Amino acid sequence: MYVVLSPGRARSFDADGALTADEPVSDLAALVRDREPVRWVWDDTRRWYPQLLAAGVRVERCVDLRLCHAILRNSTLTAGSRLAAAAAGVWDAPAELPAPPRPRGEALFDLDAPEPAVEADPVAEWMLQREAVAASNDPARIGLLLAAESAGALIAVEMKHAGLPLDPATHEGLLEQLLGPRPRLGERPAKLESLKQRLVGILGFEFNPDSAVELLKALRKAGLQVTSTSKWEIAEIDHPVIEPLLEYKKLSRLMTANGWNWLDTWVVDGRFRPEYVPGGVVTGRWAAAGGGALQLPKQIRGAVIADPGWTFVVADAAQLEPRVLAAMAGDRAMVSAGSGDMYEGIVASGAVATRAEAKVAMLGAMYGATTGDSGRLVPRLARAFPRAIAMVEDAARAGERGEIVTTRLGRSSPPPAADWRRESSIDAAAESRARRESRSWGRFTRNFIVQGSAAEWALCWMAGLRGALWTMQDGAITERPHLVFFLHDEVIVHTPIALAERVAASIRQAADDAGRLLFGDLPVTFPVTTAVVRSYAEAK
DNA sequence: TACCCCAGCGCG
DNA sequence: AAAGCGCGCTGGGGTA
């Protein structure tokens with residue numbers, strides 16, 4: 001059963017897509033509460049779902065037409081469909097841009113929810129999408145991706161609704177300890193000011209370390225052979241100014257990115273509520289906007305504290321991308337190296353000598369390293385695991401030729417900008433540039449299939465977990481165990497303490513289920529570390 | 001004034 | 001200024 005929502009109207013369809021009812025909607029929340037569980041079909045989850053959650057209504061399933069359209073438009077699995085052949089239209093509009101910072105005391109309803117400029121007919125679009133899936137090379141595979149993507153859209157809105165518990169007093173305490181008391185507007189906090197004075201004292205002249213230009217000039221004036229002020233370069237130099245300078249940079253970064261200003265802007269009523277953007281990265285990973293949710297530094301994770309009587313279950317999928325790579329390639333040797341710690345397994349296979357080598361070799365294989373330790377170790381991996389390495393090499397060569405690559409469930413890479421494909425060979429400089437860009441695109445497509453498939457695993461993981469969490473208790477979503485954070489291969493569930501162990505078990509179960517959804521009976525395992533902690537800083 | 005780009009660094 | 005992928009955010013510095 002499906003119900004397609006458009007402004008003021010709800011049209012119901014049976015499983016075959018036949019219209020069974022068409023009715024006006026005056027009270028959306030009441031209608032949805034009454035009809036659950038059906039699969040709600042709507043243009044954009046962020047347009048419909050925040051108001052439902054605010055009214056205390058959670059939905060089981062949906063189809064997010066905009067997100068599904070983006071997948072079907074590009075997927076090689078639906079390349080022959082009418083949807084893919086049509087000219088770009090309203091359904092191809094990119095995701096709305098991030099919400100701007102809001103003052104404290106945000107309204108209950110999400111006033112910035114995107115409103116489409118043109119009201120497109122969701123029924124017509126949904127029918128086109130059903131047609132594309134049914135006619136695809138592999139309807140089950142692409143269908144799973146659309147379901148997972150739509151579940152992700154629900155989770156993203158639910159996580160913003162719940163917010164990540166963050167204690168402002170603890171955060172301010174951390175800042176004060178590291179930086180000194182909150183400074184007056186426009187002034188440096190005490191620790192930064194005294195570090196700056198040390199830098200000036202050592203070099204013997206005044207300069208502003210916040211300005212990269214001034215800092216570079218100052219270092220060169222002091223006789224240091226540097227071409228930039230980035231810490232990887234500076235860290236190599238032996239000079240008394242380096243240690244306090246690196247300290248200054250670290251603290252300055254904390255201050256600007258996650259200091260008092262950040263706290264005032266993004267943490268309201270003890271909750272950090274960024275906007276999560278499913279499908280916001282070409283590979284299918286989520287993006288986030290507002291407060292840098294996906295960059296929450298380890299320094300301040302101590303301020304992420306569960307409510308009284310509640311706790312966090314922090315879970316991390318171990319070596320997710322290497323495992324996905326092994327499973328996708330059907331490389332039995334590499335899959336079996338992952339029966340425990342995957343890097344130890346690779347060492348045991350004899351390919352490399354140490355765990356650290358195994359790790360950089362795998363990273364090199366996934367990112368396309370050609371030099372350094374990483375590049376040097378990849379060929380040894382290729383001898384031990386030829387199928388796995390051949391898969392990423394093939395993806396890289398395809399990208400270099402300007403071809404499209406596709407993830408496990410059917411998300412395809414964008415076409416290259418392609419000027420490098422046609423670069424004439426007359427001009428040597430242009431040819432060399434074209435070759436460089438072709439290689440670069442090859443590294444992108446190489447990584448795309450792994451990162452994108454890992455993102456699909458993570459979506460399936462979270463979708464399964466979401467279902468399990470809902471059944472553990474009664475009440476509104478924030479009264480039950482619920483997801484509050486997601487970071488590519490890591491989740492945080494906020495739960496009543498008594499349910500923590502059940503939550504942890506569900507997280508592991510959902511990981512197993514996700515592995516089977518993507519890879520069937522292949523004996524690939526997706527071990528997940530779980531930690532029951534009061535504060536995020538205590539995990540790992 | 002408003003905007004855009006860059007360097008740098010945080011996360012996976 | 002990275003060798004080796006994907007992001008977002010900030011302040012500085014420039015241009016219109």
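Everything quoted here is computed from the prediction, not taken from an experiment. Letters go in sequence order (proteins before strands), and every chain restarts at 1.
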Main-chain N/O of Ile346(A) paired to Ser349(A) side chain as donor or acceptor, under 3.5 Å: yes
Rounded distance in Å between the C1' positions of dC5(B) and dA3(C): 25 Å
Nucleotide nearest Arg443(A) when distance is taken to its side chain, options dA1(C), dG4(C), dC9(C): dG4(C)
Does Gly292(A) reach a base, just sugar-phosphate, or nothing at all? Heavy atoms under 4.0 Å. sugar-phosphate
Does a salt bridge link Arg141(A) with Glu456(A), judged by any charged N lying under 4.0 Å from a carboxylate O? no
Under 4.0 Å, heavy atoms only, any strand: does Arg376(A) hit a base, just the sugar-phosphate, or nothing? nothing
What integer distance in Å separates Asn258(A):CG from dG10(B):P? 11 Å
Would Arg323(A) and Asp489(A) count as a salt bridge (Lys or Arg N to Asp or Glu O under 4.0 Å) if you check the C-alpha gap in whole Å, the side-chain angles of each, and the deciding distance to 0.1 Å? CA-CA 12 Å; Arg323(A) 290 172 193 280; Asp489(A) 59 0; over 6 Å; no
Please report the distance separating the P of dG4(C) from the corresponding atom of dG12(B), rounded so that it comes out in whole Å. 22 Å
Flag the pair Glu393(A) and Arg446(A) as a salt bridge only when some basic side-chain nitrogen lies within less than 4.0 angstrom of an acidic carboxylate oxygen. yes
Does a side-chain N or O of Thr229(A) approach OP1 or OP2 of dG8(B) to a distance below 4.0 Å, or not? yes
Which nucleotide, dG10(B), dG11(C), dG12(B), lies nearest any side-chain atom of Thr256(A)? dG11(C)
Does a side-chain N or O of Lys250(A) approach OP1 or OP2 of dC9(B) to a distance below 4.0 Å, or not? no
Separation of Met255(A) atom CE from dG12(C) atom C1', in whole Å? 15 Å
Of the candidates dC9(B), dC11(B), dG12(B), the side chain of Ser230(A) sits closest to dC9(B)
When the distance from CD of Glu236(A) to P of dA2(C) is rounded to whole Å, what number comes out? 14 Å
Under 4.0 Å, heavy atom to any atom of DNA chain B: which of residues 481-493 of chain A qualify? Leu487(A), His488(A), Asp489(A)
Counting any heavy atom closer than 4.0 Å, what does Ala293(A) reach on the DNA or RNA strands: base, sugar-phosphate only, or nothing? nothing
Of Phe485(A), Trp262(A), Trp266(A), which is the lone residue that meets ring-ring contact (aromatic ring centres under 6.0 Å, His included) with Phe272(A)? Trp262(A)
Check this for me: does any side-chain nitrogen of one of Arg376(A) and Asp373(A) sit under 4.0 Å from a carboxylate oxygen of the other? yes
Classify Gly368(A) by what it touches in the nucleic acid, base, sugar-phosphate, or nothing, heavy-atom distance under 4.0 Å. sugar-phosphate
Here the distance between atom P of dG13(C) and atom CG of Leu215(A), to the nearest Å, is 11 Å
Quick one: Leu251(A) CG to dG8(B) P, roughly how many Å, whole number? 19 Å
Between the base of dG6(C) and the side chain of Gln451(A), is one N or O donor paired with an acceptor at under 3.5 angstrom? no
Check every strand shown and say whether Leu296(A) touches a base, only sugar-phosphate, or nothing at a heavy-atom separation below 4.0 Å. sugar-phosphate
Ala287(A) has its side chain closest, among dG8(C), dG12(B), dG12(C), to dG8(C)
d(CG, Leu294(A); C1', dC9(B)) in whole Å: 15 Å
Have a look at Arg508(A) and tell me which of Thr530(A), Thr529(A), Asp513(A) forms a side chain to side chain donor-acceptor pair (under 3.5 Å) with it. Thr530(A)
Can a donor-acceptor pair be found, under 3.5 Å and without considering hydrogens, that links the side chain of Ser75(A) to the backbone of Ile71(A)? no
Taking only Lys NZ, Arg NE, NH1 and NH2, and the carboxylate oxygens of Asp or Glu, determine whether Glu206(A) and Lys196(A) approach each other closer than 4.0 Å. yes
Measure from the side-chain heavy atoms of Tyr367(A) and tell me the nearest of dG11(C), dG8(C), dG12(B). dG12(B)
Lys249(A) NZ - dA7(B) P separation (whole Å): 13 Å
With heavy atoms under 4.0 Å as the rule, sort Arg253(A) into base, sugar-phosphate or nothing. base
Hey, is Trp232(A) doing a stacking thing with dA1(C), by the 5.5 Å centroid and 30° angle criteria? no
If only side-chain N and O atoms of Lys231(A) are considered, is one of them under 4.0 Å from the OP1 or OP2 phosphate oxygen of dG10(B)? yes
Using whole Å, what does the distance between atom P of nucleotide dA7(B) and atom CD of Glu233(A) come to? 13 Å
Judged by each residue's nearest nucleotide on DNA chain C, which is more toward the 5′ side, Val360(A) or Ser228(A)? Ser228(A)
With pairs defined as Watson-Crick or G-U wobble and both distances under 3.5 angstrom, please note down DNA chain C as a dot-bracket string, | for pairing with another strand. ....||||||||||||
Close side-chain approach of Phe519(A) to Arg408(A), heavy-atom, < 4.5 Å: yes
Salt-bridged, Glu400(A) to Arg397(A), with N to O below 4.0 Å? yes
Lys540(A) side chain: which of dC5(C), dG12(C), dG12(B) is closest? dG12(B)
Residue mapping more 5' on DNA chain C - nearest nucleotide basis, Asp210(A) or Ala288(A): Ala288(A)
For the side chain of Val282(A), counting heavy atoms from C-beta on, which of dC7(C), dG4(C), dG13(C) is nearest? dC7(C)
Have a look at Thr371(A) and say if it touches a base, only the backbone sugar-phosphate, or nothing, with a 4.0 Å heavy-atom cut-off. sugar-phosphate
Classify Gly375(A) by what it touches in the nucleic acid, base, sugar-phosphate, or nothing, heavy-atom distance under 4.0 Å. nothing
State whether Arg198(A) and Glu247(A) are salt-bridged, where the test is any N-O pair (Lys NZ or Arg NE/NH1/NH2 against Asp/Glu carboxylate O) under 4.0 Å. no
